Number of protein chains: 2
Amino acid sequence: MLIAEACEPAFRAPRPATVTPIHAIQADVPAAHRRSRCSTCSMRAVCMPPELTPEQLARLDSVIFSTRSVKRGEVLYRTGDTFQSIYAIRAGSFKTMVMHRDGREHVTGFQIAGEALGLDGVCAGKQNCDAIALEDSVVCIIPFAQLEAICREMKPMQHHIYQMMSSEIVRESSQMMLLGTMSAEQRVATFLLNLSKRFKARGFSAAEFHLRMTREEIGCFLGMKLETVSRMFSKFQREHLVNANGKTIRIVDAHGLAQV
Amino acid sequence: MLIAEACEPAFRAPRPATVTPIHAIQADVPAAHRRSRCSTCSMRAVCMPPELTPEQLARLDSVIFSTRSVKRGEVLYRTGDTFQSIYAIRAGSFKTMVMHRDGREHVTGFQIAGEALGLDGVCAGKQNCDAIALEDSVVCIIPFAQLEAICREMKPMQHHIYQMMSSEIVRESSQMMLLGTMSAEQRVATFLLNLSKRFKARGFSAAEFHLRMTREEIGCFLGMKLETVSRMFSKFQREHLVNANGKTIRIVDAHGLAQV
DNA sequence: CGGTTGTTTGAATCCGTTCAATACCTGTGG
DNA sequence: CCACAGGTATTGAACGGATTCAAACAACCG
């Protein structure tokens, strides 16, 4: 379950027919390492190259066979943990954060169902950030060494992984541009529109959604204080661009928001 | 000629004995597509996995055989160009920049000899930024489709490319942290120390070096105005941390600089 | 239901920007 | 070789957007 998110053209799969609600996934099986199958996963179209044969899918199933549940607030992995696997979010959402030696924290991204986690661990052989669940979530565990072996056999899969990593580079470039050049107002607008687009791509409403993160986490992602985030929400409300009460967001005027 | 830069542990090769000055490289051969060899490249230790056999190196030479000269200020590739190759900088240096639709520009990175360019193009099949030479430079041209084929054959090479891409993700994470949480003073200090480290790793002085970019480009990379960059240089000068006159930088007190 | 955590809003402050003036290089042509 | 031009760098003063501090309020959870 892998996805090339930031990078639209790579995201060539049609949206999934239905997204299985988290509680419907093997709810009565114990927490970790439950059986799963790519070949029957409802999210496959979101995160696998479309041109795989049934045999290739079976080969994938032989490697990606376990999942893990992570409760809200729990850590999936921590900076410094030995890198062995990457993760695909099957349900729920996460934040990734890095910490400077002086204790300063920064949120490097929010990931939702269908997106990947842990790609930054390949480089040093250990995780480079903390991944924390924003709500009760389920991830597929993909042992990286075995994924590499598969990529040597299957050209489409190989290319897909390169695309995923490249997409992450592109996503971060955009975020750097946001942090480096935009006003607080523009950052918050961009953030909301980006979330909206990602929800839409997964078959959810682009106009109304629920934020799983706090104002503080948003601020930490956008390089501003939580009070400023709050003020911007209020401002957008006054200008009839967004309807924000608490964590429920309704985008009233997406076009206007884009032109902020 | 490929390197995993941001990510120290992957950077396991010893530093190259000597770095060939740019003018010594085939200076009398016409500008583009000159013969080159990884197997004899003085920078190989910096950018290739160390465990390659002579046969594997020969295989590489069959794919990475052309170089290109880019004069100062010239464009190596532009946003939207069809992606076919990645590039390894053999001599010189570059900046990469992205542009927002409203015309706002942001420098996403500076790359020096031994570092890679173009990894962000894999995702969409076209370049995602402009790469512009900061001085007269030479790059190795690495056709990506053929590199992928090699990676399916050679496990160390495959892993090395994954590491390179992962390193770029990690580098950008650090830059996001810088842009999101640091004061102007800290950003400039971090920038100088990072450059210093990279020069050192290539066998140049860590204490004294020449900036190839303007204050404006530095500012655009660090998310501040050129005047602020200049003020910070002056400040460090007053505090006897750095000696900056024009583009020549001498780091006087690296430890002090790190604690800013 | 009470306590905790998260959110909103206001007022004062501060860091970095903006605007402006001056000085400094670097390369080019007379 | 020198003078000159254009880009580059430095520095000051005023301004403004975001932060800080503070207080009140809302939402959530055990």
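No experiment lies behind these values; they were computed from the predicted model shown. Numbered from 1 within each chain, the chains take letters A, B, ... in sequence-line order.
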Check: Closer to the 5' end of DNA chain D via nearest nucleotide, is it A:G246 or A:M232?
Finding: A:M232
Check: Where the side chain of A:E227 is concerned, which of D:dT20, D:dT10, C:dG6 is the nearest nucleotide?
Finding: D:dT20
Note to self: Measuring from the side chain of A:T228 (C-beta onward, heavy atoms only), which nucleotide among C:dT7, D:dT19, D:dA9 has the closest atom?
What the structure shows: D:dT19
Margin query: Rounded to the nearest 0.5 Å, what separates atom OG in A:S174 from atom CG in B:N128?
Written below: 6.5 Å
Note to self: Tell me if the side-chain of B:R231 makes a donor-acceptor pair with the base of C:dT18, cut-off 3.5 Å, by modelled atom types.
What the structure shows: yes
Checklist line | Polar pair under 3.5 Å, donor/acceptor by atom type, side chain B:R215, base D:dG7 | finding: no
Counting the atoms with a prime plus P, OP1 and OP2 as sugar-phosphate, which does [X] contact under 4.0 Å by heavy atoms, base, sugar-phosphate, or nothing?
X      : answer
A:K235 : nothing
B:S234 : sugar-phosphate
A:R212 : nothing
A:T214 : sugar-phosphate

What is the distance, rounded to the nearest whole Å, between atom [atom1] of [X] and atom [atom2] of [N]?
X      : N      : atom1 : atom2 : result
B:L179 : C:dG16 : CG    : C1'   : 15 Å
A:L226 : C:dT9  : CG    : P     : 13 Å
A:I218 : C:dT7  : CD1   : C1'   : 11 Å
B:M182 : D:dT19 : CE    : P     : 16 Å
B:I249 : D:dT8  : CD1   : C1'   : 14 Å
A:K247 : C:dT8  : NZ    : P     : 10 Å
B:R187 : C:dT17 : CZ    : C1'   : 13 Å
B:L211 : D:dT8  : CG    : P     : 14 Å

Item checked: For A:R212, side chain to side chain contact (heavy atoms under 4.5 Å, CB included) partners two or more places apart -> A:S93, A:L134, A:E135, A:H210
Margin query: For A:G73 versus A:I132, what's the shortest heavy-atom pair and its separation?
Written below: O-CG2, 3.7 Å
Next item on the list: Between B:A184 and B:R72, name the one whose nearest nucleotide on DNA chain C is closer to the 5' end.
Entry: B:A184
Check: Do the side chain of A:R215 and the main chain of A:L226 share a donor and acceptor less than 3.5 angstrom apart?
Finding: no
Notebook entry, point to check: Hey, does the side chain of B:K225 come within less than 4.0 Å of C:dT18's phosphate (OP1/OP2), counting only N and O?
Noted result: yes
Notebook entry, point to check: Parallel, tilted or perpendicular: which fits the ring planes of A:F209 and A:F199, with parallel below 30° and perpendicular above 60°?
Noted result: tilted
